[in-house]
> 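This structure is in structure tokens; I'll ask about it shortly.
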Amino acid sequence: MTRGTRTTDMEVTSIRLERKLKDKLKELAGCQGYQVLIRDILWNYVNHNSGEYRPQFSPADIRATLQAIAQKDETCVLSGKRIQAGDEMLLGLTIHGDFVPLGETPTVLTQVGH
């Protein structure tokens, strides 16, 4: 399901929310409506916790890099290549303030302007 899903392709679900929570969600949602916001939140949760989530980044999204050692298997967000636990890698600081795994290859270093 994507944000462009027609309402006729959706099922009605009832959920009980505290009035204060519902009011805050409406306030945060603005003109998009709080139901759309709740669907976006739920899809983000599912995508991040399903093991299938692969964020899309470009070199322009990386503000800085740090040397690191992978503590577990990772995937470079720029190339999609696997990084094995124990391998040297880079952590890229994104424009949003998140750290993301980057492979330590000349291609990745060139892509992020190093």
> Given Leu90 and Gln67, is the side chain to side chain contact (heavy atoms under 4.5 Å, CB included) satisfied, shown in steps?
CA-CA 5 Å; Leu90 295 173; Gln67 294 272 335; 3.8 Å; yes

> As a test of understanding, state which of Leu91, Ile62, Ile83 forms a side-chain contact (heavy atoms from CB on, under 4.5 Å) with Leu102.
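For Leu102, the side-chain contact (heavy atoms from CB on, under 4.5 Å) test succeeds with only one of Leu91, Ile62, Ile83, which is Ile62.
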
> Please say yes or no: joined through hydrophobic side-chain contacts below 4.5 Å, possibly via intermediate residues, are Met10 and Ile38 part of one cluster?
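No, separate clusters.
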
> State the CD-NZ distance between Glu27 and Lys22, to the nearest 0.5 angstrom.
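Between atom CD of Glu27 and atom NZ of Lys22 there are 14.5 Å.
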
> To the nearest 0.5 Å, what is the distance between CG on Asp98 and CZ on Arg63?
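Answer rounded to 0.5 Å: 11.0 Å.
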
> Examine Val12 and Ile15 and state if one hydrophobic cluster contains both, with Ile, Leu, Val, Met, Phe, Trp and Tyr joined whenever side-chain heavy atoms are less than 4.5 Å apart.
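The answer is no; the residues belong to distinct hydrophobic clusters.
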
> Taking C-beta and beyond as the side chain, do Leu25 and Leu17 meet within less than 4.5 Å on heavy atoms?
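In contact.
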
> Check whether Asp73 reaches the backbone of Ala85 with its side chain - one donor and one acceptor, N or O, closer than 3.5 Å.
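Indeed, once roles are kept as given, a pair shorter than 3.5 Å links the two residues.
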
> With no hydrogens and no angle check, is any side-chain donor or acceptor of Gln84 less than 3.5 Å from a backbone partner on Arg82?
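Side chain of Gln84 to backbone of Arg82: no pair is present.
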
> Tell me whether Leu42 shares a hydrophobic cluster with Val46, the cluster being built from Ile, Leu, Val, Met, Phe, Trp, Tyr side chains joined at under 4.5 Å.
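No; tracing contacts between hydrophobic side chains, which count when under 4.5 Å, never links both residues.
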
> Set out, in order, the CA-CA distance, both residues' side-chain angles and the distance that settles side chain to side chain contact (heavy atoms under 4.5 Å, CB included) for Leu93 and Val100, then state yes or no.
CA-CA 7 Å; Leu93 177 64; Val100 294; over 6 Å; no

> For Gly103 and Cys76, which heavy atoms make the closest approach, and how far apart are they?
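So the two residues come closest at N-SG, 3.4 Å.
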
> Quick one: pull up CG in Asp87 and CD in Glu74 and give me the separation to the nearest 0.5 Å.
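CD of Glu74 is found 11.0 Å from CG of Asp87.
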
> Sort out for me which residue in Lys20, Arg19, Lys26 forms a salt bridge (Lys or Arg N to Asp or Glu O under 4.0 Å) with Asp23.
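Checked Lys20, Arg19, Lys26 against Asp23; only one passes salt bridge (Lys or Arg N to Asp or Glu O under 4.0 Å): Arg19.
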
> Evaluate Thr94 against Phe99 for side chain to side chain contact (heavy atoms under 4.5 Å, CB included), listing each step before the verdict.
CA-CA 6 Å; Thr94 70; Phe99 282 103; over 6 Å; no

> Are there more than 12 heavy atoms of other residues, nucleotides or ligands under 6.0 Å from atom CD of Gln32?
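Yes, the 6.0 Å shell around CD holds more than 12 heavy atoms from other groups.
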
> Tell me whether Leu28 is reachable from Tyr34 by hopping between hydrophobic residues (I, L, V, M, F, W, Y) whose side-chain heavy atoms are closer than 4.5 Å.
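Linked, Tyr34 and Leu28 end up in one cluster.
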
> Considering only heavy atoms from C-beta outward, does the side chain of Pro101 approach that of Thr75 to under 4.5 Å?
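Side-chain contact under 4.5 Å: no.
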
> Do you know which two heavy atoms are closest between Ile69 and Glu88, and how far apart they sit?
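That closest heavy-atom pairing would be CD1-CG, 3.7 Å.
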
